[in-house]
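What follows is a short report on a single structure.
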Amino acid sequence: MAQGPKDIADSVAHAGLAASKVKTLLASGNVITEACVPSFNEDVCISCRLCEVICTPNAIKFDNEKYPQINLAACRGCGACAAACPSGALDLPCLTTEQLLEATKAAVLNNPVRPAIVGYLCRWCAYIAADRAGTSRIRYPPNIINIQVPCTGRLNTETILTAFAEGADGVAVMGCHVQDCHYRSGARYAKSRTDTIREALEGAGIDGRRLFFGSVSASEADQFAEQVNDFVNVVTKLGPLGREMMGKVTRTQSADAEEMTGG
Ligand code: FES
């Protein structure tokens, strides 16, 4: 029941799986994990301290210094600091902003189905639910191309707007239930960011329903498929974003960048 409601057979199967994973870890003696911690470029840092405010495990502190002091042992690698950094001084080497943008462009370009939707799924819940939907043969529309992110909090404004500017008709940001985010605040940041972007899109004459924020737990494959299905239906009714709208997205992106940098 820790993941969500399930029957006795599923509960027993999941408990067995969890126990065997723990057993494997204990048997190995040493555990080596990939360090996914932010990189920092002081040449472009503007000392805005946003990273310090946003870092939930308090891994980033200024301590009267000009630049952030990053406690790599405390960092959990969610990427929320990189997403919030207005100057690009912080990045996440295991999923850089450049990689996110390239993956976004490829997802739009390689999607032969229209309307084309880019889905950003957190690795802990939404991506697993999507995977589970696939292995359980739960059908959902092929319009969505999924990109895995460590947490929805990793998604910056530029990435979402780039998806639209590249020709996506809709963008889905899907993660854990907000209160269940594995990094505590990432999903909350992502929800608030998507709300702000939705308002900006509407201000530019683009229907805000093209940007969807969804939440599922890892076991909710049905709900994942249902949410994608509903979103695809909404975007299908709205029709293609259109070339003139892409121009507006590009202008919104420039305005957003200017606002964040104070330029
Ligand atoms: Fe899933 Fe943060 S880890 S949304």
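This structure is a prediction, so every number in the text was calculated from the model and none was measured. Atoms within each ligand, like the ligands themselves, are counted from 1 in listed order.
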Would you mind running through ligand 1 and noting each atom that sits below 4.0 Å from a heavy atom of [X]?
X    : answer
W124 : 3 (S)
C176 : 1 (Fe), 3 (S), 4 (S)
Y183 : 3 (S)
T152 : 4 (S)

Would you mind checking if [Y] and [X] are paired as a salt bridge, meaning a charged N to carboxylate O distance below 4.0 Å?
X    : Y    : value
R198 : D195 : yes
D63  : K61  : no
R154 : D91  : yes

### Message
Below 2.8 Å, can you find an N, O or S atom of H182 next to atom 1 (Fe) of ligand 1?
### Response
no
### Task
Count the heavy atoms belonging to other residues, nucleotides or ligands that lie under 6.0 Å from CD of E199, then report whether that count exceeds 12.
no
### Query
SG (C151) to atom 2 (Fe) of ligand 1 to SG (C181): angle, nearest 10 degrees?
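Taking atom 2 (Fe) of ligand 1 as the apex, the two atoms subtend 100°.
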### Message
Please verify the inter-ring angle class for F231 with F212; under 30° counts as parallel, over 60° as perpendicular, anything in between as tilted.
### Response
parallel
